[in-house]
Q: 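To start, I am sharing the structure in question, which I have written as structure tokens.
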Amino acid sequence: MAHMHNVTEFIFLGLSSNPEVQKACFVIFLLLYTAIVLGNFLIVLTVMSSRSLGSPMYFFLSYLSFVEICYASTTAPRLISDLLAERKAIPLWGCMTQLSFLHFFAGTEIFLLTVMAYDRYVAICKPLSYTTIMNRQACAVLVGAAWVGGFVHSLAQILLVFRLPFCGPNVIDHYFCDVLPLLKLACSDTVLIGLLIVANGGTLSVISFVVLLASYVVILLHLRTRSSAGRRKALSTCGAHVTVVTLFFGPCIFIYLRPSTTLSVDKMVAVFYTVITPLLNPVIYSLRNAEVKKAMKRLWIRAMKVEER
């Protein structure tokens with residue numbers, strides 16, 4: 001029976017039942033989450049305050065960093081607080097809210113990464129038309145489309161899960177609400193819904209990943225005609241993008257391409273794409289990009305001068 005919710009709350013088992021491990025994890029994840037917020041916020045602030053970072057690539061990067069903060073914030077604060085809690089309970093509405101925001105920001109990130117790949121393709125393969133194609137209005141439309149795509153993806157996921165009846169067990173062997181752990185708790189046949197979830201989440205991840213890799217292959221083939229200096233700079237930029245894409249899509253495909261199946265390793269994989277990947281984003285883009293490092297240095301010098309006044 002659709003919409004039958006005898007369960008009013010869910011209980012998370014979390015990452016570990018060992019109190020000492022939980023205390024250690026509390027410190028580790030608190031530091032990681034702080035680094036995620038500060039690192040990505042620094043990129044947003046640097047791009048917004050630096051005239052040298054006015055190109056579309058950095059415009060998209062600032063939005064990606066903002067999305068990373070939001071994405072990590074859907075799971076990390078709850079995980080951190082639950083590590084010190086004896087009873088890790090979340091109400092049904094809270095679970096559905098977390099699920100919807102998680103997939104909203106994850107979907108937005110997928111489309112943003114695709115947009116960034118398209119930007120690199122135009123910049124490298126059609127340099128003479130780059131400023132015309134990637135004008136300010138086009139960039140705004142592409143970012144808006146990424147947000148809309150994320151919303152549609154999230155809406156589809158939440159509509160599928162919200163119709164499930166939860167009338168029995170309410171213990172989730174995870175540290176946040178996600179579609180596959182919730183499917184296990186539903187007291188109805190979930191085969192069809194599981195396949196629809198794979199079609200929405202897993203297939204989206206695979207298709208986007210293949211499109212992204214194909215675009216970078218085209219870029220690499222085009223780079224053969226460039227000078228060694230131009231080729232080196234383009235490879236450095238694309239290398240950072242490919243690294244971020246692989247780190248994000250690899251775990252997502254592993255999790256969401258299996259209908260109605262959960263594995264013991266899923267929680268560790270989830271830690272990677274909900275915490276580690278958002279942390280690596282500012283590290284990869286700042287350490288591998290000379291322009292970003294110079295802009296951050298100038299921002300730091302300006303901040304020190306203001307403090308001295």
Q: Is a side-chain donor or acceptor of Y130 paired with a backbone partner of C125 at a separation under 3.5 angstrom?
A: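 No, Y130 side chain to C125 backbone: no donor-acceptor pair under 3.5 Å.
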
Q: Evaluate the side-chain proximity of L299 to S50: yes if any heavy-atom separation is below 4.5 Å, no if none is.
A: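 SC-SC contact between S50 and L299 ruled out.
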
Q: How far apart are the C-alpha atoms of M134 and L142, what are their side-chain angles, what is the distance that settles it, and do they pass the side chain to side chain contact (heavy atoms under 4.5 Å, CB included) test?
A: CA-CA 10 Å; M134 300 302 293; L142 288 171; 3.8 Å; yes

Q: Are the side chain of N18 and the backbone of E20 linked by a donor-acceptor contact shorter than 3.5 Å?
A: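 Yes; at least one donor-acceptor contact below 3.5 Å.
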
Q: Once rounded to the nearest 0.5 Å, what's the spacing between atom OH of Y121 and atom NZ of K126?
A: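 These two atoms lie 4.5 Å from each other.
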
Q: Can you check whether L83's main-chain N or O pairs, donor with acceptor, with K88's side chain at less than 3.5 Å?
A: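 Looks like no, no N/O pair under 3.5 Å.
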
Q: Are side-chain heavy atoms of L79 and L15 found at a separation under 4.5 Å?
A: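 Contact flag for L79/L15 side chains = yes.
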
Q: Working note: Y175 + T274, criterion side-chain hydrogen bond (donor to acceptor under 3.5 Å, both in side chains); need CA distance, chi angles, decisive distance, verdict.
A: CA-CA 11 Å; Y175 62 90; T274 58; 2.8 Å; yes

Q: W147 and F104: ring-ring contact (aromatic ring centres under 6.0 Å, His included), yes or no, with the steps?
A: CA-CA 8 Å; W147 285 107; F104 171 54; 5.6 Å; yes

Q: Taking the six-membered ring for Trp, are the ring centroids of F176 and H174 within less than 6.0 Å of each other?
A: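 Centroid separation for F176 and H174: below 6.0 Å.
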
Q: Is the backbone N or O of P278 less than 3.5 Å from a side-chain atom of N40, with the two atoms forming a donor-acceptor pair by type?
A: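 Checking the backbone N and O of P278 against the side chain of N40, a donor-acceptor pair under 3.5 Å is found.
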
Q: Are side-chain heavy atoms of I36 and L279 found at a separation under 4.5 Å?
A: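 Yes. Closest side-chain heavy atoms under 4.5 Å.
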
Q: Does the side chain of L183 come within less than 4.5 Å of L164's, by heavy atoms?
A: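 Heavy-atom side-chain distance check passes, below 4.5 Å.
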
Q: Under 3.5 Å, side chain of N135 to main-chain N/O of A138, donor-acceptor pair present?
A: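 Answer holds: yes.
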
Q: Counting the benzene-type ring for Trp, do F105 and Y71 have ring centres under 6.0 Å apart?
A: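 Distance test on ring centres: not under 6.0 Å, no.
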
Q: Distance from T108 atom OG1 to L64 atom CG, nearest 0.5 Å?
A: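 Nearest 0.5 Å value for the OG1-CG distance: 10.5 Å.
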
Q: For a quick test of reading the model, state the closest non-hydrogen atom pair linking F249 to S208 and the distance between them.
A: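 Residues F249 and S208, closest heavy atoms: CE2-CB, 3.7 Å.
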
Q: Considering the options I11, L185, L13, D266, which one meets the side chain to side chain contact (heavy atoms under 4.5 Å, CB included) requirement together with D173?
A: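 Option passing the side chain to side chain contact (heavy atoms under 4.5 Å, CB included) with D173: L13.
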
Q: Please tell me if the side chains of Q157 and L99 come closer than 4.5 Å, counting only heavy atoms from C-beta onward.
A: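 No - every pair of side-chain heavy atoms lies 4.5 Å or more apart.
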
Q: Under 4.0 Å between a Lys/Arg side-chain N and an Asp/Glu carboxylate O for R87 and E9?
A: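 Looking at E9 together with R87, the answer is yes, because their closest N to O distance falls below 4.0 Å.
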
Q: As a quick check of understanding, evaluate ring-ring contact (aromatic ring centres under 6.0 Å, His included) for F10 and F166, giving each step before the final call.
A: CA-CA 10 Å; F10 294 104; F166 299 105; 5.4 Å; yes

Q: Just distance, no hydrogens or angles: give the donor-acceptor pairs under 3.5 Å from side chains in residues 54-62, sequence neighbours left out.
A:
{"unit_1": "Y58", "atom_1": "OH", "unit_2": "N289", "atom_2": "OD1", "d": "3.2"}
{"unit_1": "Y58", "atom_1": "OH", "unit_2": "N289", "atom_2": "ND2", "d": "3.1"}
{"unit_1": "Y58", "atom_1": "OH", "unit_2": "E291", "atom_2": "OE1", "d": "2.8"}
{"unit_1": "S62", "atom_1": "OG", "unit_2": "F59", "atom_2": "O", "d": "2.7"}

